[in-house]
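Notes to accompany the following structure.
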Amino acid sequence: MKILWVKAGKILPVDTGGKIRSFNILRHLAREHEIVFLSYYGGPQDPAYEAAISQHLPGTQPIHIAAPESGLAQSLDYLLRLPSSAPYAVNKFSHRKVREVVAKWLTAGNLDVAVCDFLSASLNFPHPSSIPVVLFQHNVETMLWRRMADTEKNLWRKLSYAIEARKMAGYESRSLQRFQHIIAVSENDRDTMLTLSPRGPITVVPTGVDTEQYKAVPSALGNPPLVVFTGSMDWEPNIDAMEYFCSEIWPVVLADFPDARFQIVGRNPNARVRRLASASVEVTGTVASVVDYLRAATVVIVPLRI
């Protein structure tokens with residue numbers, strides 16, 4: 001098969017959940033299929049990135065786009081796009097140059113299927129399409145924005161998140177019906193998407209582990225017991241998750257295992273995450289390699305009675 005795969009933002013370095021998932025699926029697909037990977041990104045043009053991704057994934061077509069970089073420019077861009085029915089989290093990733101390239105490939109007559117990687121790239125796809133287009137949904141975006149609106153304490157951000165959540169609910173529901181097929185990453189996500197679009201054809205492709213690089217090892221008891229969370233600690237859902245875990249779940253663990261330790265390992269820990277540090281909670285954002293860190297640590301899964 002010949003597959004067109006479109007993703008907003010750089011996919012290298014492979015340092016976030018979305019990048020890890022997409023990069024590994026792409027490299028495995030490339031073993032048996034022909035991949036045309038459109039990787040479009042903003043910021044300064046990066047020849048080193050373009051060369052690296054083309055080496056990793058031959059058939060890549062990097063596209064550099066002009067995008068607002070400063071906080072003031074982004075705020076102005078947000079206000080200009082505010083009248084759109086599409087949420088800003090999607091609208092800001094729509095670009096004329098990308099739409100033109102996608103349309104050219106879709107009408108070339110030599111593709112079997114196209115993949116829209118994340119909802120953020122979806123406005124770059126024409127509707128209807130001359131070939132089947134699959135939407136790869138890494139998250140249920142509506143749920144994320146609703147949660148952010150519910151938990152945000154800053155009034156201006158709370159209002160902005162509420163507007164995004166309302167727009168996202170309508171846009172995501174329409175998108176689940178617009179694309180010929182949807183890929184979800186869990187049964188829970190699939191069930192939630194079906195509440196937004198009951199007729200959507202959705203297949204679950206669960207997130208896994210690269211068994212060529214990582215080998216299973218026997219479980220070991222920690223001394224003291226150690227629980228580790230890894231993730232991008234500048235991403236709002238992860239920040240919210242750690243605040244909830246430390247306030248609602250971790251005290252239950254300590255009640256049964258007083259000497260247990262919890263370590264949060266991830267890039268760019270937000271100030272809210274750093275404030276979680278305590279005698280039993282360590283926040284680590286400067287580890288050279290999370291993988292090397294985990295290989296050196298003894299991790300135990302603690303049964304919780306909650």
Can you measure from [atom1] ([X]) to [atom2] ([Y]) and round to the nearest 0.5 angstrom?
| X | Y | atom1 | atom2 | result |
| --- | --- | --- | --- | --- |
| Arg174 | Leu196 | CZ | CG | 12.0 Å |
| Ile11 | Thr60 | CD1 | OG1 | 8.5 Å |
| Ile239 | Met148 | CD1 | CE | 9.0 Å |
| Ser175 | Ile182 | OG | CD1 | 8.0 Å |
| Ile163 | Trp145 | CD1 | CH2 | 11.0 Å |
| Arg166 | Thr142 | CZ | OG1 | 12.5 Å |

| Does the pair Phe23 and Leu26 meet the rule for a side-chain contact (heavy atoms from CB on, under 4.5 Å), with working shown? | CA-CA 5 Å; Phe23 180 80; Leu26 279 166; 5.8 Å; no
| said: Going by the rule salt bridge (charged side-chain N to carboxylate O under 4.0 Å, His left out), which residues pair with Arg199 if we only count those two or more places apart in sequence or in a different chain? | reply: none
Between [X] and [Y] (side chain of the first, backbone of the second, donor and acceptor by atom type, cut-off under 3.5 Å), is there such a pair?
| X | Y | result |
| --- | --- | --- |
| Gln177 | Ser197 | no |
| Lys167 | Ser84 | yes |
| Arg81 | Asn91 | yes |
| Ser122 | Leu119 | yes |
| Gln180 | Val133 | yes |
| Glu172 | Glu141 | yes |
| Ser247 | Glu243 | yes |
| Ser39 | Lys10 | no |
| Ser173 | Ala169 | no |
| Thr16 | Lys19 | yes |

So do the side chains of [X] and [Y] get within less than 4.5 Å of each other, counting heavy atoms only?
| X | Y | result |
| --- | --- | --- |
| Val134 | Cys116 | no |
| Tyr171 | Val90 | yes |
| Tyr88 | Met168 | no |
| His181 | Thr203 | yes |
| Asn188 | Asp191 | no |
| Asp189 | Gln137 | no |
| Ile65 | Tyr41 | no |
| Phe229 | Met242 | yes |

For [X] versus [Y], what's the shortest heavy-atom pair and its separation?
| X | Y | value |
| --- | --- | --- |
| Ala260 | Ser280 | O-CB, 3.9 Å |
| Arg190 | Ile202 | NE-O, 3.3 Å |
| Glu50 | Pro62 | CG-CB, 3.6 Å |
| Gly266 | Met233 | CA-CG, 3.9 Å |
| His64 | Gln45 | NE2-N, 3.4 Å |
| Pro258 | Arg261 | O-NH1, 4.0 Å |

Hey, are [Y] and [X] close enough side-chain-wise for a donor-acceptor pair under 3.5 Å?
| X | Y | value |
| --- | --- | --- |
| Asn124 | Tyr40 | yes |
| His56 | Arg27 | no |
| Arg21 | Thr207 | yes |
| Tyr244 | Thr151 | no |

| query | Could Asp77 and Lys92 be called an ion pair, given the rule that one side-chain N must be under 4.0 Å from one carboxylate O? | reply | no
| message | Assess whether a salt bridge exists between Arg272 and Glu236, defined as any Lys/Arg side-chain N lying under 4.0 Å from an Asp/Glu carboxylate O. | response | yes
Applying the 4.5 Å side-chain criterion to the ILVMFWY set and letting contacts propagate, would [X] and [Y] be lumped into a single cluster?
| X | Y | value |
| --- | --- | --- |
| Met193 | Met143 | yes |
| Phe93 | Leu80 | no |
| Ile131 | Ile3 | no |
| Val36 | Leu57 | no |
| Val140 | Val205 | no |

| request: Given salt bridge (charged side-chain N to carboxylate O under 4.0 Å, His left out), test Arg96 with Glu100 step by step and report yes or no. | output: CA-CA 6 Å; Arg96 175 190 54 80; Glu100 290 175 352; 3.3 Å; yes
| request: With side-chain contact (heavy atoms from CB on, under 4.5 Å) as the test, would you mind laying out the steps for Asp15 and Arg267 before giving the verdict? | output: CA-CA 9 Å; Asp15 58 359; Arg267 69 174 193 183; 3.6 Å; yes
| request: May I have the step-by-step check of side-chain contact (heavy atoms from CB on, under 4.5 Å) for Leu276 and Ile264, ending in yes or no? | output: CA-CA 9 Å; Leu276 298 174; Ile264 303 171; 4.2 Å; yes
| query | According to the interplanar angle, ranging from 0 to 90°, do the rings of Trp250 and Phe262 count as parallel (below 30°), tilted (30 to 60°) or perpendicular (above 60°)? | reply | tilted
| Audit row: Val102, Leu106, side-chain contact (heavy atoms from CB on, under 4.5 Å) steps and yes/no | CA-CA 6 Å; Val102 170; Leu106 292 180; 3.8 Å; yes
| With Phe118, the side-chain contact (heavy atoms from CB on, under 4.5 Å) member among Leu135, Asn139, Val6 | Asn139
| Leu79, CG atom: more than 12 neighbouring heavy atoms under 6.0 Å | yes
| Residues His138, Phe136; criterion ring-ring contact (aromatic ring centres under 6.0 Å, His included); working and verdict | CA-CA 6 Å; His138 296 245; Phe136 187 8; 4.1 Å; yes
